[in-house]
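Step one of this worksheet: look at the structure below.
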Amino acid sequence: MTDADCLFCKIVAGEIPNDTVTETEDVLAFRDISPKVPVHVLVVPKQHSTHAGELAGSEPELLAQVMRVGAEVARSEGVAESGYRFVFNCGGDSGQEVFHTHLHVLGGRPLSMAV
Ligand code: AMP
């Protein structure tokens with residue numbers, strides 16, 4: 001299932017270029033176009049869903065795959081030992097801007113708890 005108006009569906013479809021980090025049959029990881037920290041990778045399920053809270057209810061195995069790939073990205077980006085953060089923004093008040101489930105993998109320097 002895809003959403004014709006969804007930015008990340010277009011990236012998954014190859015209609016918009018991306019800087020791919022890794023890919024599986026069901027998941028794509030690519031560098032954030034505007035990195036907030038030295039390591040900032042987005043991991044998205046190829047199938048459209050609005051956010052991780054929705055996917056947790058509909059396809060928890062797919063959400064687990066997203067997190068497994070996120071952990072692999074942390075290792076391949078060299079931040080698994082130093083530490084990193086997983087962020088899922090879910091809905092407007094969270095600051096979510098792209099309404100296609102995505103995991104932010106953030107690291108490469110100490111992070112504060114500021115929200
Ligand atoms: P969120 O605020 O959680 O919805 O995060 C959306 C993220 O997508 C932001 O960090 C943006 O910088 C990032 N982003 C937007 N457009 C692109 C793009 N074309 N390629 C890669 N990352 C993007």
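Remember, it's a predicted structure, so these values are computed and weren't measured experimentally. Atoms within each ligand, like the ligands themselves, are counted from 1 in listed order.
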Heavy-atom distance to [atom]: which of [options] wins?
atom: atom 13 (C) of ligand 1; options: Leu106, Val87, Leu7, Asp32; answer: Asp32
atom: atom 3 (O) of ligand 1; options: His100, Lys36, His102, Lys10; answer: His102
atom: atom 21 (C) of ligand 1; options: Asn89, Ile33, Val41; answer: Ile33

Give a yes or no answer on whether the side chain of His102 reaches the backbone of Asn89 with a donor-acceptor pair at less than 3.5 Å.
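No.
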Any donor and acceptor pair, going by atom type alone, linking the side chain of Gln96 with main-chain N or O of Thr50 inside 3.5 Å?
yes
Check whether any N or O atom of [X], backbone or side chain, sits under 3.5 Å from an N or O atom of ligand 1, and answer yes or no.
X: Phe30; value: no
X: Ile16; value: no
X: Glu97; value: yes

More than 12 heavy atoms of other residues, nucleotides or ligands under 6.0 Å from CD of Glu81: yes or no?
no
Can you find a heavy atom in the side chain of [X] that is under 4.5 Å from one in the side chain of [Y]?
X: Arg31; Y: Val21; value: yes
X: Pro45; Y: Gln65; value: no
X: Val105; Y: Phe86; value: yes
X: His104; Y: Asp32; value: yes

Residue [X] vicinity, atoms of ligand 1 by number, heavy atom under 4.0 Å:
X: Ile11; result: 18 (C), 19 (N), 20 (N)
X: Ser34; result: 12 (O)
X: Arg31; result: 21 (C)

Using the side chain to side chain contact (heavy atoms under 4.5 Å, CB included) rule, take Met113 and Arg85 through it: C-alpha gap first, then chi angles, then the decisive distance, then the call.
CA-CA 10 Å; Met113 280 300 289; Arg85 183 172 293 164; 3.9 Å; yes
Tell me, which protein residue and heavy-atom name are nearest atom 2 (O) of ligand 1, and how many Å apart are they?
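Protein heavy atom with the smallest distance to atom 2 (O) of ligand 1: Gly95 O, 3.1 Å.
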Taking a cutoff of less than 4.0 Å between a non-hydrogen atom of the residue and any ligand atom, is Asp19 in contact with ligand 1?
no
Report yes or no: does Phe8 have a heavy atom closer than 4.0 Å to ligand 1?
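Phe8: in contact with ligand 1 (<4.0 Å).
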Taking 4.0 Å as the limit for heavy-atom contacts, which would you say applies to Leu42 with ligand 1: side chain only, backbone only, both, or neither?
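For Leu42, the contact with ligand 1 is made by the side chain alone.
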Leu28 vs Phe8, side chain to side chain contact (heavy atoms under 4.5 Å, CB included): CA-CA, chis, key distance, verdict:
CA-CA 10 Å; Leu28 176 67; Phe8 288 173; over 6 Å; no
